[in-house]
Amino acid sequence: GAVVSQHPSRVICKSGTSVKIECRSLDFQATTMFWYRQFPKKSLMLMATSNEGSKATYEQGVEKDKFLINHASLTLSTLTVTSAHPEDSSFYICSALVRDGHYGYTFGSGTRLTVV
Amino acid sequence: QQQVKQSPQSLIVQKGGIPIINCAYENTAFDYFPWYQQFPGKGPALLIAIRPDVSEKKEGRFTISFNKSAKQFSLHIMDSQPGDSATYFCAASRGGNTPLVFGKGTRLSVIA
């Protein structure tokens with residue numbers, strides 16, 4: 001149980017375009033979701049926390065207008081990288097807080113974004 | 001400020017050995033301590049987690065030891081196998097809707 005499906009797994013886009021990454025909770029309601037960014041051989045860096053129906057809370061240094069997060073339903077959160085540039089190339093991972101009798105955090109499989 | 005300090009950065013053990021990865025934290029408000037395993041190009045997968053009211057927890061070949069007074073916790077992998085070669089992250093959270101805080105990770109290589 002507590003599965004999060006993240007799509008796409010890989011995406012290549014041109015500079016200046018926007019890319020949307022979806023994260024769906026398949027068998028539970030995810031009232032709180034988190035978005036992380038991970039550089040090669042580095043740890044996960046929290047970008048933002050989103051609660052269903054509310055605006056996302058961004059970490060210091062994360063551009064709100066570049067990384068748009070929408071959490072409009074209890075099963076779907078999206079991260080849109082707007083006007084992408086090569087420096088936005090990274091591994092993006094979503095996570096959902098699980099509170100269905102067990103407390104924990106489950107992660108999506110990640111999205112490798114390459115901006116060319 | 002690094003809230004969760006993890007060591008070692010990398011570790012090489014022989015097959016069958018018992019790698020031990022350590023983490024230390026400062027924030028006494030943390031009350032949930034999970035360990036995650038990550039393979040290249042994949043998201044982290046939960047291995048085992050512990051709460052501060054327990055000093056040790058075992059699940060299969062994985063054991064967490066927790067020392068509340070020292071604010072330290074560690075992961076032991078029994079009878080390690082080459083398939084255990086991955087990056088391991090410790091983490092901590094304050095509960096509620098707060099996010100996990102991750103250690104920097106340990107790259108484990110188990111050689112046959």
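Within every chain, numbering begins at 1; the chains are lettered A, B, ... in the order of the sequence lines, protein sequences first and strands thereafter.
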Given a strict heavy-atom distance threshold of 4.5 Å, which part of [X] is in contact with chain B: side chain, backbone, both, or neither?
X	result
Arg99(A)	side chain
Gln38(A)	side chain
Phe34(A)	side chain
Phe91(A)	side chain

Open item on the list: At a 4.5 Å cut-off on heavy atoms, which part of Pro99(B) comes close to chain A: side chain, backbone, both, or neither?
Closed with: both

Would a single hydrophobic cluster contain both [Y] and [X], if residues Ile, Leu, Val, Met, Phe, Trp and Tyr are joined by side-chain heavy-atom contacts under 4.5 Å?
X	Y	result
Trp35(B)	Val13(B)	yes
Phe107(A)	Trp35(A)	no
Leu76(A)	Phe28(A)	no
Tyr92(A)	Tyr58(A)	yes
Val98(A)	Val4(A)	yes

Open item on the list: Quick check against the 3.5 Å criterion: does Ser43(A) have a side-chain atom that pairs as donor or acceptor with the backbone of Gly105(B)?
Closed with: no

So which bits of [range] come within less than 4.5 Å of chain A, counting non-hydrogen atoms only?
range	result
residues 64-76 of chain B	none
residues 16-23 of chain B	none
residues 36-59 of chain B	Tyr36(B), Gln38(B), Gly41(B), Lys42(B), Gly43(B), Pro44(B), Arg51(B)
residues 83-97 of chain B	Phe89(B), Ser93(B), Gly95(B), Gly96(B), Asn97(B)

Open item on the list: How about CZ on Arg107(B), more than 12 heavy atoms from neighbouring residues, nucleotides or ligands closer than 6.0 Å, or not?
Closed with: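 Open: at most 12 neighbouring heavy atoms sit under 6.0 Å from CZ of Arg107(B).
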
Task: Atom CG of Leu74(A) with >12 non-hydrogen neighbours under 6.0 angstrom - done: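 Yes, because the 6.0 Å sphere around CG of Leu74(A) holds more than 12 heavy atoms from other groups.
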
TODO: Determine the interplanar angle of the Phe102(B) and Tyr36(A) rings, folded into 0 to 90°, and report it as parallel if under 30°, tilted if 30 to 60°, perpendicular if over 60°.
DONE: perpendicular

TODO: First locate atom OG1 of Thr98(B), then atom CG of Leu97(A), and finally report the distance between them rounded to the nearest 0.5 Å.
DONE: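 One finds 8.0 Å between OG1 of Thr98(B) and CG of Leu97(A).
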
TODO: Kindly indicate whether the side chain of Asp31(B), heavy atoms from C-beta on, has any atom under 4.5 Å from the side chain of Tyr103(A).
DONE: no

